[in-house]
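Report on the following structure.
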Amino acid sequence: MLKIENLTKVYRGGKVAVDQLNLDINQGEFIAFIGTSGSGKTTALRMINRMVEPTSGKMTLNDKDITKMNPVTLRRSIGYVIQQIGLMPHMTIRDNITLVPHLLKWSKEKKDETARRLIELVNLPPSYLDYYPAQLSGGQQQRIGVLRALAANQDIILMDEPFGALDPITRDTLQDLIKDIQQRLNKTVIFVTHDMDEAIKLADRIAIMHEGKLIQFDTPDNILANPANDFVKEFIGSHRLIQQKPNIKTVDEVMIKPISITIEKSLDEAIRLMVEKRVDTLFVTDGDNRLQGYLDVESFTGARKTKKSVSECYEKDIFYVKTGSKLQDSVRRILKRNLKNIPVVDEEHRLVGLVTRANIVDIVYDTIWGEEEETVQNKKELMSE
Amino acid sequence: MQDMSQMSTTEQFFYYMQENGLYVFSQFLDHFLISIYGVLLAALIGIPLGILISKYSKLSGVVITLANIIQTIPALALMAILMLVLGLGKTTVIVTVFFYSLLPIIKNTYVGIKNINKSITDAGRGMGMTKAQVLYMVELPLSLSVIITGIRIALVVAIGITAIGAFIGAGGLGDIIIRGTNATDGTAIIIAGALPTALMAILSDVLLGLIERKLDPVKRQQKRINQVI
């Protein structure tokens with residue numbers, strides 16, 4: 001879809017920012033450019049929508065030569081999200097979201113409809129459309145920044161460290177959100193970051209850049225398994241290399257059977273079940289075993305006098321992972337959000353398992369002792385030779 | 001005819017206003033229009049010039065220094081020099097006001113546009129705005145209140161300069177003040193000229209201040225936030 005050949009940028013004064021970059025990006029891919037500051041990743045990104053004019057090289061978007069297109073028309077067809085968010089402070093959220101449609105002279109009805117449809121995509125109430133950016137928190141503002149890049153059905157979206165200025169929890173939520181949107185709408189996203197965790201979590205393929213050159217361009221698993229050189233190794237960080245070594249486990253291998261209760265049961269039954277099974281958390285499901293929320297001991301205190309059934313007092317806000325996701329990612333999420341455990345659901349949102357903090361212990365054990373056992377074995381082998 | 005020497009200054013003032021109210025009013029209008037014409041003319045030239053130098057920062061030093069130099073010339077001296085070219089009358093005063101208004105208007109336009117967060121204009125450009133669209137959809141709306149401040153400062157200064165303009169026969173409230181200084185016991189007449197001048201300056205300052213606050217996107221939002229809460 002997007003083909004970059006020998007792309008080079010030399011700034012005045014002879015500084016080579018990007019040196020002979022070659023990339024081939026497919027429709028629907030999530031690409032992360034990663035590197036230290038000054039590695040040329042942002043310059044490379046900004047050349048795609050010609051915010052920076054390339055010195056030489058060729059870029060084609062759907063077989064059209066980018067360098068020969070009118071930059072204004074080009075930019076209207078490419079979504080762009082920046083770290084500083086850059087919402088227009090004098091425009092309402094509605095006008096901010098539909099800025100590109102406005103430039104493309106869409107009708108008012110179509111713009112309004114788009115704004116209403118999009119704001120639900122990022123879990124914000126439609127009443128926010130009439131607010132001004134200053135009334136929103138940083139995380140909410142960047143959600144609008146992302147929507148602005150989607151509003152005119154742009155196929156390709158460029159993101160320049162979009163979550164760099166947000167706190168870790170907001171960042172985590174937005175990462176999940178953007179990944180979800182990207183997959184659901186089948187958008188091509190090119191993402192600049194210097195956070196390796198972020199790149200591994202989000203990207204289908206990672207392009208590691210250093211001093212303007214592309215060092216390695218591969219899937220996260222391949223990069224972790226076979227770093228191209230010492231720079232990449234150092235950049236990934238030894239802890240990630242070790243983490244990745246004990247054969248990449250999925251949650252399915254370690255999850256235990258969760259204790260669940262259907263939504264129409266009474267609170268008395270719920271308590272009896274907890275006592276019987278010796279657990280403090282019950283997962284609430286509907287008749288089809290689809291995960292709805294959870295119920296823990298804290299939800300009982302006080303509520304028992306006024307409320308009688310599970311449906312009245314269970315917590316709807318619940319984090320979950322899908323089957324087949326990597327154990328490391330799930331554990332990272334447990335730690336980051338300070339959760340006690342995290343349920344596993346299948347494609348149809350049915351509850352199938354539970355990953356608990358005990359799994360963290362297993363991983364720590366693996367990384368510390370598993371590694372050592374391996375080296376001990378290696379040594380023995382060497383000695384026997 | 002009443003005996004003026006028997007009256008207090010206040011009484012004299014009210015008597016003068018009673019007898020010459022229409023005359024004072026017409027001079028007030030003249031005065032106001034001279035100031036407005038000069039400032040409008042300066043805005044017409046100064047705002048585009050301010051925008052221009054905010055885009056080509058190499059020019060900004062030259063233009064602002066030039067405007068600064070004009071500002072250092074005493075008003076009376078500048079008026080006298082211009083009089084040599086343009087002769088006596090209103091035109092000379094309007095041109096003097098124009099020169100004095102240039103600096104605050106150019107400078108505020110320049111600062112207003114320069115102070116806009118770079119990421120906002122960058123985002124605008126990245127969304128696919130043309131240069132003209134960035135100017136009238138982003139830069140002008142966001143710097144409008146600062147530009148109005150420049151006009152406000154210019155207008156207040158202009159009202160003062162126009163008062164001096166009476167010396168070269170431009171009319172206006174300065175005329176009444178000069179008449180008062182020439183008359184024996186002319187205190188009341190001086191006041192009859194000076195008080196409306198001060199009033200005009202204060203009123204235009206307050207009025208433009210109101211407009212300025214209305215146009216400030218940040219302050220406007222704070223008001224809305226209060227409503228929401």
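Here is how names work: the chains are called A, B, and so on, in the same order as the sequence lines, proteins then strands, and each is numbered from 1.
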Non-hydrogen contacts under 4.5 angstrom with chain A: give the residues of residues 107-126 of chain B involved, or none if there are none. B:Ser119, B:Ile120, B:Asp122, B:Ala123, B:Gly124, B:Arg125, B:Gly126
Honestly, the part of A:Arg50 sitting under 4.5 Å from a heavy atom of chain B is neither
More than 12 heavy atoms of other residues, nucleotides or ligands under 6.0 Å from OH of B:Tyr37: is that the case? no
Ordered numerically, the heavy-atom neighbours of chain B under 4.5 Å found in residues 117-125 of chain A are none
Can you tell me if CZ on B:Phe25 sees more than 12 non-hydrogen neighbours from other groups inside 6.0 Å? no
Interface residue of largest heavy-atom contact number with chain B, from A:Leu158, A:Ile85, A:Leu99, under 4.5 Å: A:Leu99
Taking NZ in A:Lys179 as the centre, count heavy atoms belonging to other residues, nucleotides or ligands within less than 6.0 Å. Is the count above 12? yes
Rounded to the nearest 0.5 Å, what separation is found between the CE atom of A:Met88 and the CE atom of B:Met137? 8.0 Å
Rounded to the nearest 0.5 Å, how far apart are CD of B:Gln133 and CG of A:Leu103? 5.0 Å
All heavy atoms of B:Pro141 vs all of A:His90, minimum pair found to be CB-CD2, 3.6 Å
Chain B contact via A:Leu74 - side chain, backbone, both or neither, heavy atoms under 4.5 Å: neither
Atom CG of A:Asp65 with >12 non-hydrogen neighbours under 6.0 angstrom: yes
More than 12 heavy atoms of other residues, nucleotides or ligands under 6.0 Å from CG of B:Leu210: yes or no? yes
Is the number of heavy atoms from other residues, nucleotides or ligands under 6.0 Å of B:Phe167 CZ greater than 12? no
Approximate separation, where rounding is to 0.5 Å, of B:Thr130 OG1 and A:Arg76 CZ: 6.5 Å
